[in-house]
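Worksheet: the structure to be examined is printed underneath.
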Amino acid sequence: MSDAEEGRLERLTGMLKRRGIILPAFEIHGGAKGLYDFGPVGGRLRNKVNQAWLNHWISLGNIVEISCPTVTPYAVLEASGHVGEFSDFLTDCNSCEEASRADTMLESHHPNPDSLSKSDLQQLLNSINPQCPACGASDWSPIVAQNLMFNTTIGAGNSGRPGFLRPETAQGMFTSFPALYRHNRERLPFGAVQVGKGYRNEISPRQGMIRLREFNMAELEYFIDPEIEPEHDFSDWSSIEMNLISESDGQVTMTINDAIGKNVVRHATVGFFMAKTFDFLTNIGIDSSKLRFRQHESDEMAHYASDCWDVEILGSYGWVECVGIAHRGCYDLESHEKATGKTLRARREFAQPKIVEIDGWTTNGATAGPAFRALAGAVKNAVEQLPTSCQFPTQISLENGESVTVDMEHVKRVQRTESISGEWYIPHVVEPAFGIDRIIWHLLDHAYHESAKGGDEYVTLKLSKTVAPVDYCVFPLFEKDGMGQLAKEIHKSLCSKSAIVSIYDASGSIGRRYARADEIGVPICITVDHQSLQDNTVTLRDRDSGQQSRVLISEL
RNA sequence: GCGAGCGUAGUGUAGUGGUUAUCACCGAGCGUUGCCAACGCUUGAACCCGGGUUCGAGUCCCGGCGCUCGCACCA
């Protein structure tokens, strides 16, 4: 990062803290790494982003919103693979005892240290022996694997059982698949969305909002039948060229439709969600020229995924992954099925039912049991192998070499016709997963504009109207002659409208008040002046152009 | 935390140690209707988990987990 960029970043984070958008949490107690507050302005911003996200997906028509607990029993995350796999490789500085991630320290010495095994990573660490980012020493303890989940105990004392705070919202959507399936009238495809908190006990949180220990995430799990070719309409994006970094072709620019046609994007539903994600991000104010899709390398992708694209956004910390769109196959549902023995499947009917004839023998438990005692199980197995034409009594030899006589009273005929009308299969899942905090960070980063105004530095936060935390500021030119009162009335009537936030501000010069409003990105300022008292009009000032226009109060 | 009771399809349930695990509603498909839970045919779905006793466990025993009710506590 250049000095100029570093200066901008410092001024931006300073402004965010000063104006109550994003600030370090628990600061009066010394703060806590990786934990941030959304302040009085940021809280509203976060909510609007979450809401815009939900609306964006729910409008597809086959998506439902659910909300699952963050406290999660051990067994759930064991089944999902998180207990075993979800860990980072950690090494301690022997000089200052600061823990660091071995892979991140070696990033400049290996193309993808994240993919290395523990022993390879240890070898690389030994040969490079990097400096400790905290104290500068080069003396490291052996690498240990550290699980990234916050563990907790569900219930008190001896009756408590182990659990974790969820590291992602997804598992709750997989475990409630049967309810979702039935709710959706047993028809695929459908999806479930959830916004909420996730927790990862990061070893070294840094870069502000980029790596957090408690974070806001928003995930869609979209369930599809792998045997049905997906049909998506890409006409909305036919003229939009997207920046793609593909595993095989490197950096390319093409429409999403072409990318699917050329198999750069391997699955149409993944491509569809990439396009929808592009829309979402640009609608809320991400600069499309600072947005790219990067395909995971084979060694970077989770072993079960068949294709995965990250959305990376360019900001003060470089290109940062903010969204992951993964084709997860049947891995998740299958894992929970194996762990629980419950059915997590969807059904497809055959065009024609299959007819299966069953005709043979089995034992009659009520007579064969007492007759053969300990051998009853083996006799049953042997009898079920007998041909339909078998005559009783008959002599049969068992697996253990013994020979028994089976009478007619020990057996019964099994004869029926089964008609099999369909089959059960495990749906595949395509999952777009959004890091809301990272997206909000980049919204702010992209919206933050510095300019010179009369020799002073002037800040405008050019947030999109869909996410701007404050919709209107109402200013009386002066708080006298009834202007203050009229302005308060306007403010009050705006506040009474649902989903509208207005701020009343009468302190300081009018220019200073515009500047305050611009700094938190208020799109429109309303000013009550002398003329307002006579003709019931006010001036509307547009944030980005500074243009003013007069409108009737009744038309606001 | 204490005491009592209970865990069978999505829901509510039946099930003398041997059934292809009952019934109803329900869901899906097709048809007849045609506007606020209609009808017919086809079809789908379950014994909480783990041990034990037994030739054989939904059923008996033990442990775990969960739920309900009362008491205690509580945002």
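The sequence lines fix the lettering, A, B, ..., with proteins before strands; numbering per chain opens at 1.
- The separation of B:rG18 from B:rC60, taken at their C1' atoms, amounts to 15 Å, rounded to a whole angstrom.
- Nucleotide B:rU43 holds its P atom 14 Å from the CD atom of A:Gln352, rounded to whole Å.
- Applying the ring pair (Phe, Tyr, Trp, His ring centres under 6.0 Å) test to every pair with at least one member in residues 357-383 of chain A, sequence neighbours left out, gives these pairs: A:Trp361-A:Phe392, A:Phe372-A:His410.
- Annotation: B:rA14 and B:rC74 have their C1' atoms spaced 41 Å apart (nearest Å).
- For the P atoms, the distance linking B:rG50 with B:rG12 amounts to 23 Å, nearest Å.
- Side-chain N/O atoms of A:Ser306 and A:His267 include no donor and acceptor closer than 3.5 Å.
- B:rU53 and B:rC62 have their C1' atoms separated by 11 Å, with the value rounded to a whole Å.
- Two rings, from A:Trp441 and A:Tyr36, have their centers 6.0 Å or more apart.
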Would you be so kind as to tabulate the donor-acceptor pairs closer than 3.5 Å made by side chains of residues 63-78 of chain A, with sequence neighbours excluded?
from: A:Thr72; atom 1: OG1; to: A:Thr70; atom 2: O; distance (Å): 3.1

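- Rounded to whole Å, the separation between the C1' atoms of B:rU59 and B:rA75 comes to 43 Å.
- When side chains are defined from C-beta on, A:Val320 does not count as touching A:Ile313, because their heavy atoms never get closer than 4.5 Å.
- By the salt bridge (Lys or Arg N to Asp or Glu O under 4.0 Å) test, A:Glu349 is found to be paired with A:Arg347, residues two or more places apart in sequence or in another chain being considered.
- Residues satisfying the ring-ring contact (aromatic ring centres under 6.0 Å, His included) test with A:Tyr181, not counting sequence neighbours, are A:Phe177.
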Expected string for nucleotides 20-35 of chain B under the B/S/- scheme (protein heavy atoms, under 4.0 Å, primed atoms plus P, OP1, OP2 as sugar-phosphate) is S-----BSSS------

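- Listed by chain and residue number, A:Arg348, A:Tyr425, A:His428 satisfy the side chain to side chain contact (heavy atoms under 4.5 Å, CB included) test with A:Pro226 (two or more places apart in sequence, or in another chain).
- Checked against ring-ring contact (aromatic ring centres under 6.0 Å, His included), A:His183 has no partners two or more places apart in sequence or in another chain.
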Could you list all N or O pairs between the protein and nucleotides 14-17 of chain B that sit under 3.5 Å apart?
none

Reading nucleotides 45-60 of chain B from 5' to 3' and marking B where a protein heavy atom lies under 4.0 Å of the base, S where only the sugar-phosphate is that close, and - otherwise, the string is S--S------B-----

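- The side-chain heavy atoms of A:Pro469 and A:Leu463, taken from C-beta on, include a pair separated by under 4.5 Å.
- Classified by its glycosidic torsion, B:rU53 falls in the anti category, the angle being over 90° from 0.
- Comparing B:rG40 with B:rC48, their C1' atoms sit 38 Å apart, to the nearest whole Å.
- Looking at A:Asp505, its side chain does come within 3.5 Å of a backbone N or O of A:Ser507 through a donor-acceptor pair.
- Taking a pair as Watson-Crick or G-U wobble with both distances under 3.5 Å, the runs of three or more consecutive pairs in RNA chain B are B:1-7 with B:65-71, B:10-12 with B:23-25, B:26-32 with B:38-44, B:48-52 with B:60-64.
- B:rG52 sits 49 Å from B:rC30 when the P atoms are compared, rounded to a whole Å.
- Comparing B:rC26 with B:rA37, their P atoms are spaced 12 Å from each other, to the whole Å.
- Checked against ring-ring contact (aromatic ring centres under 6.0 Å, His included), A:Phe293 has no partners two or more places apart in sequence or in another chain.
- Atom CD1 in A:Ile154 sits roughly 12 Å away from atom C1' in B:rG66 (whole-Å rounding).
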In a table with atom names and distances, give each donor-acceptor pair under 3.5 Å that connects a side chain of residues 431-439 of chain A to protein atoms at least two apart or in another chain.
from: A:Glu431; atom 1: OE1; to: A:Arg328; atom 2: NH1; distance (Å): 3.4
from: A:Asp437; atom 1: OD1; to: A:Asn216; atom 2: ND2; distance (Å): 2.8
from: A:Asp437; atom 1: OD2; to: A:Asn216; atom 2: N; distance (Å): 2.5
from: A:Arg438; atom 1: NE; to: A:Ile210; atom 2: O; distance (Å): 2.7
from: A:Arg438; atom 1: NH1; to: A:Glu321; atom 2: O; distance (Å): 2.7
from: A:Arg438; atom 1: NH2; to: A:Ile210; atom 2: O; distance (Å): 2.9

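- Inter-residue side-chain proximity for A:Val474 and A:Ser502 is flagged as met; some heavy-atom pair is nearer than 4.5 Å.
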